[in-house]
Number of protein chains: 4
Amino acid sequence: MTTSARPEPQDPNEAARAVRTEWRSRQLLTAAARLMERNGFHGVSMQALADEAAVSVGLIYRYFGNKDELLLAVIVNVLEAFAGQVPAAVEAAGDDPVEQVAAAFRAHCEVIDEHRHAAVLTYRESGSLSTEGRNKIKDMEIATSDPLRSAIRDGVAGGRFVDVDVELVTHDFLLMAHGWALKHWHLERTLQFHDYVAKQTALMLGALLAPEHRDDYRHLVAPT
Amino acid sequence: MTTSARPEPQDPNEAARAVRTEWRSRQLLTAAARLMERNGFHGVSMQALADEAAVSVGLIYRYFGNKDELLLAVIVNVLEAFAGQVPAAVEAAGDDPVEQVAAAFRAHCEVIDEHRHAAVLTYRESGSLSTEGRNKIKDMEIATSDPLRSAIRDGVAGGRFVDVDVELVTHDFLLMAHGWALKHWHLERTLQFHDYVAKQTALMLGALLAPEHRDDYRHLVAPT
Amino acid sequence: MTTSARPEPQDPNEAARAVRTEWRSRQLLTAAARLMERNGFHGVSMQALADEAAVSVGLIYRYFGNKDELLLAVIVNVLEAFAGQVPAAVEAAGDDPVEQVAAAFRAHCEVIDEHRHAAVLTYRESGSLSTEGRNKIKDMEIATSDPLRSAIRDGVAGGRFVDVDVELVTHDFLLMAHGWALKHWHLERTLQFHDYVAKQTALMLGALLAPEHRDDYRHLVAPT
Amino acid sequence: MTTSARPEPQDPNEAARAVRTEWRSRQLLTAAARLMERNGFHGVSMQALADEAAVSVGLIYRYFGNKDELLLAVIVNVLEAFAGQVPAAVEAAGDDPVEQVAAAFRAHCEVIDEHRHAAVLTYRESGSLSTEGRNKIKDMEIATSDPLRSAIRDGVAGGRFVDVDVELVTHDFLLMAHGWALKHWHLERTLQFHDYVAKQTALMLGALLAPEHRDDYRHLVAPT
DNA sequence: CATGAATGAGGGTTCATTCAT
DNA sequence: CATGAATGAACCCTCATTCAT
């Protein structure tokens with residue numbers, strides 16, 4: 001991530017190893033997320049995890065110091081996805097705060113949909129973390145929600161939005177994004193992912209947009 | 001739910017016993033909820049629970065068959081509170097679906113605030129339940145959300161609300177209600193319970209109310 | 001040990017329980033010592049210990065917090081036997097430092113013979129202890145050897161003994177006492193316990209006694 | 001012990017390899033002794049040993065079949081040092097059994113001082129050995145103590161020493177020699193190695209020498 | 001009713017050992 | 001020769017559950 005001096009691993013062996021290491025790590029992370037969503041952190045034994053990932057128990061400990069660190073890694077993995085995708089989406093949305101809000105929300109939802117198993121753990125299992133881990137998560141969560149928060153604030157300041165509690169509305173958007181994962185088993189019976197995003201966007205913008213701007217965002221509000 | 005067949009305990013001893021039994025049961029339930037919110041279901045040992053409730057381990061098993069049943073009882077306890085308070089609140093709100101929605105949401109929030117420890121367990125620990133228990137919970141949850149759902153449907157049908165996806169909006173309201181428990185540690189820094197309810201109500205009604213009715217509900221939408 | 005107010009346990013149940021607790025504790029301690037002498041601290045699993053003592057693994061943890069504490073308890077148990085028997089033996093030996101030395105050495109040997117399994121652990125396994133435990137042991141060992149040390153010092157000061165390094169000779173006596181346990185498998189082929197004590201006493205007094213006093217202690221030196 | 005059949009390595013490469021092999025082996029042995037003294041046999045993992053010796057885990061298994069064999073090799077290494085140095089020292093001491101005893105004891109102490117880390121393992125970890133290994137050790141220990149035993153026996157037979165139990169006195173001398181390693185942390189605070197040897201020699205000869213010969217060995221007995 | 005000593009299956013974790021590279 | 005990733009048995013410990021008192 002931060003290496004600059006070492007241009008490329010010269011030794012092909014080393015490169016191959018790094019690739020395999022990365023692959024294993026990801027494999028374990030996904031297996032863990034999948035299992036933990038179903039049975040909860042405490043409901044998943046290391047043996048079960050090893051079986052699911054088709055490796056031995058001992059190997060898991062070469063990649064993650066212990067079970068707690070594994071959970072932390074699963075969660076951090078999601079949060080890093082937010083950090084990677086959300087700011088990019090907002091930037092691509094241009095200067096209009098309304099478009100930015102919609103883009104940010106959509107990006108959040110997409111990350112959650114991609115990491116659906118792991119995303120619920122953020123809500124459910126953060127209590128199983130060490131204090132240290134919990135703090136790390138909290139910091140990342142706040143940073144993660146920042147683009148969305150800023151866009152909302154800009155929208156209010158610029159008069160596009162009515163005068164709402166920015167913090168609360170941010171919280172609402174995040175809740176809705178996570179809602180897709182939390183109640184996925186219930187929602188997917190009637191909704192496709194894109195419907196969910198579109199409808200929720202329309203709903204929230206319906207609440208937020210100042211009356212005089214409402215007509216400007218037909219393309220966002222329409223499909224409800 | 002409440003036994004009706006058994007007419008009345010004749011023996012005053014039996015009555016006293018029933019009272020004590022009821023009291024013990026409630027004491028254990030609250031102790032369990034308090035502990036489990038902090039440490040999670042698996043983080044609370046029966047011994048710790050016995051200590052917290054100042055009884056012996058063995059006694060717990062006279063009231064609840066096993067640990068799973070105890071968790072189930074804790075959760076059912078909350079859901080029963082919904083069943084008790086929400087319909088009453090809706091009824092008291094009169095015939096206007098908008099008022100009904102506001103009342104139902106407020107009632108949900110109040111139950112959650114009163115049972116804040118137990119409410120999070122609904123989200124976090126339902127995975128620790130047996131399939132049977134999980135199904136029971138799901139059924140109760142759906143029943144619980146029914147008054148709210150009906151009111152929303154009525155609002156849409158009567159033209160008070162814009163044409164939204166009733167199921168989704170129900171889901172949103174419930175999510176917001178639970179949000180008060182889920183992110184309580186974060187929200188309470190800036191918001192009182194009543195502000196939370198009022199602002200969320202205003203926001204959602206802002207989104208739902210048809211333009212021609214918006215002015216009729218100033219008292220609900222204003223305090224944003 | 002320190003109770004003074006509570007004269008006797010009134011409740012016979014409580015008394016009975018205390019007796020059983022004491023008995024269990026002692027049973028576990030002996031089993032642990034026996035096994036650990038043979039296989040070493042790390043060579044004995046808690047399961048093996050449970051089997052030997054005919055109890056369940058879990059029960060051991062009601063009496064000793066963990067395996068380390070168990071080892072500590074085994075060792076402390078021996079050292080307490082020294083503290084109980086050695087000073088008494090010295091006192092019973094009268095005022096003559098030579099008699100005191102002989103009595104102290106004999107007492108040491110007797111404790112070691114009685115706790116032969118555990119005595120070797122003092123030497124072999126003190127490294128497996130926590131720093132805290134190790135310090136406790138060291139303190140007790142020093143205190144334990146004090147009567148012997150004092151008697152030797154008195155003997156030198158009073159001219160009964162030649163001018164030796166008191167600390168070193170104390171160390172030698174202790175080493176000889178422990179030697180009975182350390183090389184018991186080898187020694188017992190040719191020596192009874194009493195011969196061992198008598199011969200070692202004679203040898204050491206032969207080295208220590210000043211020539212002019214040698215004849216006074218025929219009864220101690222003779223049987224070599 | 002030392003191969004004699006294989007005449008000489010013809011190939012210079014093979015010679016170089018043999019040297020490196022010997023060097024590696026010795027390096028591993030000392031690393032193992034150092035680590036095991038501190039943490040005990042079970043407290044040292046093969047990984048830790050590999051790290052300490054700056055080789056890979058796998059390589060250790062090219063030199064020693066398994067961990068037990070490694071421990072055995074460490075211990076045998078000390079015992080071979082005894083076999084190498086003690087007889088030589090006795091021979092160099094001339095024909096006088098008293099001088100021989102003193103020389104043998106000194107040689108024992110020197111070996112132990114040189115191999116202090118490994119010497120304690122002889123006492124502490126012999127229980128971790130296989131029966132086979134344990135027997136090998138016992139045989140070597142007996143053989144090792146033979147020069148000392150013979151000298152003592154000669155001293156008694158020749159009237160230089162009083163009539164003592166030869167086996168027991170041998171045992172005492174060995175115990176004293178090992179005492180330097182066993183309680184080194186305690187003794188070194190007040191004694192140098194040479195003081196220890198001299199004082200212990202003086203003490204034991206004081207006990208052993210027949211009265212009519214005592215004046216002949218002032219140079220050995222004096223420095224007490 | 002109430003207690004808490006006792007059980008033992010199951011969990012997380014370590015580490016000696018192997019083997020493909 | 002040398003490496004270190006991979007294995008899995010075995011360890012220590014916890015805790016839901018039972019039952020004699």
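Predicted model only: the values in this text are computed from it and were never measured.
With F:dC13, E:dG12, F:dC1 as the choices, the nucleotide that has an atom nearest any side-chain atom of C:Y61 turns out to be F:dC13. Closest to the D:R62 side chain, of the nucleotides E:dG12, F:dC13, F:dA2, is F:dA2.
A donor-acceptor pair under 3.5 Å links the side-chain atoms of C:T30 to the main chain of C:R26, judged by distance alone. A donor-acceptor distance shorter than 3.5 angstrom exists from the side chain of B:R134 to the backbone of B:G127, with no hydrogens or angles considered.
Counting heavy atoms from C-beta on, the side chains of D:L59 and D:R62 come closer than 4.5 Å. The shortest side-chain heavy-atom distance between C:Y63 and C:L70 does not fall under the 4.5 Å cut-off.
One interatomic measurement links the two molecules: CH2 of B:W23 to C1' of E:dC1, which rounds to 15 Å at whole-angstrom precision.
Nearest heavy atoms, A:L121 versus A:I75: O-CD1, 3.9 Å. For B:S128 against B:D68, the heavy-atom pair with the smallest separation is O-OD1, 4.2 Å. When every heavy atom of A:V78 is checked against every heavy atom of A:A119, the shortest pair comes out as CG2-N, 4.4 Å. When all heavy atoms of D:E69 and D:F64 are compared, the closest pair comes out as OE1-C, 4.1 Å. In this structure, A:V74 and A:A118 approach most closely via the heavy-atom pair CG1-CB, 3.7 Å.
The ring-ring contact (aromatic ring centres under 6.0 Å, His included) check on B:Y123 picks up B:H178, with sequence neighbours excluded.
To the nearest 0.5 angstrom, B:H117 atom NE2 is 8.0 Å from B:R38 atom CZ.
Side-chain nitrogen and oxygen atoms of B:R24 include none within less than 4.0 Å of the OP1 or OP2 phosphate oxygen of E:dC1. Look at B:Y63 and you'll find a side-chain N or O under 4.0 angstrom from OP1 or OP2 of E:dA2.
Near DNA chain E, defined here as any heavy-atom distance below 4.0 Å, the residues from residues 66-78 of chain D are D:N66, D:K67, listed numerically. Listed by residue number, the members of residues 40-60 of chain A with any heavy atom below 4.0 angstrom from DNA chain F are A:V55, A:S56, A:G58, A:L59. Within residues 125-134 of chain C, no residue is approached by DNA chain F to less than 4.0 Å at the level of any non-hydrogen atom.
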Worked check of side chain to side chain contact (heavy atoms under 4.5 Å, CB included) between D:L129 and D:K136
CA-CA 10 Å; D:L129 257 32; D:K136 182 173 182 184; over 6 Å; no
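Stem analysis of DNA chain E (at least three stacked-register Watson-Crick or G-U pairs, each with both distances under 3.5 Å) gives E:2-21 with F:2-21.
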Can you give each donor-acceptor pair under 3.5 Å made by side-chain atoms of residues 40-55 of chain A, sequence neighbours left out, with the distance rounded to 0.1 Å?
{"from": "A:S45", "atom 1": "OG", "to": "A:A48", "atom 2": "N", "distance (Å)": "3.0"}
{"from": "A:Q47", "atom 1": "NE2", "to": "A:D51", "atom 2": "OD1", "distance (Å)": "3.0"}
{"from": "A:E52", "atom 1": "OE2", "to": "A:R34", "atom 2": "NE", "distance (Å)": "2.8"}
{"from": "A:E52", "atom 1": "OE2", "to": "A:R34", "atom 2": "NH2", "distance (Å)": "2.9"}

